[in-house]
Amino acid sequence: SAHAGLYRLEQLIPEVVVTVPRRLIAEAIDIAKQDEALEGIRVRDLLQCLRGVGPRRATAVMEEIGIAQSRRIRGLGEHQIASLLERDKA
């Protein structure tokens, strides 16, 4: 029915809104890696600065990848960065 279709669309909207473009994460990490002050920013805080990513979404992404909540940008390994960049579909 139309009501069920509308309900399903409402459920899909948050999934679309929280998609984080890969280039934004890559840009933010590149900029932070070049600046000593910015390297000290927590990954969680960086993710939360992106549109559509709040505390819950940032925590979920980090847990899925295996990044500690206290991890700072300077402490990210190559595989963790690669995993973050692959998450643009999530």
Side-chain angles (χ1 to χ4, degrees):
S1 73
H3 182 68
L6 181 59
Y7 177 77
R8 180 65 186 136
L9 274 176
E10 289 174 355
Q11 299 304 310
L12 289 174
I13 288 172
E15 294 174 21
V16 173
V17 171
V18 298
T19 299
V20 179
R22 180 183 308 180
R23 64 179 179 77
L24 291 180
I25 293 174
E27 266 182 57
I29 291 173
D30 286 343
I31 291 169
K33 287 277 191 179
Q34 297 172 13
D35 186 321
E36 279 185 41
L38 295 178
E39 275 187 325
I41 294 174
R42 293 186 193 278
V43 175
R44 178 188 63 232
D45 295 335
L46 170 67
L47 292 176
Q48 288 180 33
C49 288
L50 298 171
R51 185 174 180 210
V53 179
R56 289 183 186 166
R57 184 67 173 172
T59 298
V61 167
M62 291 176 67
E63 285 177 357
E64 186 175 315
I65 294 172
I67 300 173
Q69 294 298 310
S70 60
R71 176 72 62 206
R72 296 182 187 276
I73 293 174
R74 76 173 141 255
L76 283 176
E78 290 179 30
H79 296 291
Q80 290 172 323
I81 293 171
S83 293
L84 278 172
L85 298 181
E86 289 173 12
R87 292 276 311 155
D88 70 338
K89 299 179 215 116

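When a residue number appears, it is its place in the shown sequence, counting from 1.
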Q: Rounded at 0.5 Å granularity, tell me how far CG in Leu76 sits from CZ in Arg71.
A: 7.0 Å
Q: Of all the heavy-atom pairs spanning Ile65 and Ser83, show the shortest one and how long it is.
A: CG2-CB, 3.5 Å
Q: Could you walk me through whether Arg42 and Leu47 pass the side-chain contact (heavy atoms from CB on, under 4.5 Å) test, one step at a time?
A: CA-CA 9 Å; Arg42 293 186 193 278; Leu47 292 176; over 6 Å; no
Q: Decide side-chain contact (heavy atoms from CB on, under 4.5 Å) for Thr59 and Gln69; before the verdict, give the C-alpha distance in whole Å, the side-chain angles of both, and the deciding distance to 0.1 Å.
A: CA-CA 7 Å; Thr59 298; Gln69 294 298 310; 3.5 Å; yes
Q: Quick one, Ile29 with Val43, criterion side-chain contact (heavy atoms from CB on, under 4.5 Å). Give me CA distance, side-chain angles, the key distance, then yes/no.
A: CA-CA 9 Å; Ile29 291 173; Val43 175; over 6 Å; no
Q: So do Ile67 and Val61 actually touch side chain to side chain, heavy atoms under 4.5 Å?
A: no
Q: Measure the CD-CE distance between Gln80 and Met62 for me, rounded to the nearest 0.5 Å.
A: 8.5 Å
Q: So, for Ala58 and Gln48, which heavy atoms are closest and what is the spacing to 0.1 Å?
A: CB-CG, 3.9 Å
Q: Checking the side chain of Gln34 only, and the main-chain atoms of Ile31 only, is there a donor and an acceptor separated by less than 3.5 Å?
A: no
Q: Apply the test side-chain contact (heavy atoms from CB on, under 4.5 Å) to residues Arg72 and Glu39: give CA-CA distance (whole Å), side-chain angles for both, the deciding distance (0.1 Å), then the verdict.
A: CA-CA 7 Å; Arg72 296 182 187 276; Glu39 275 187 325; over 6 Å; no
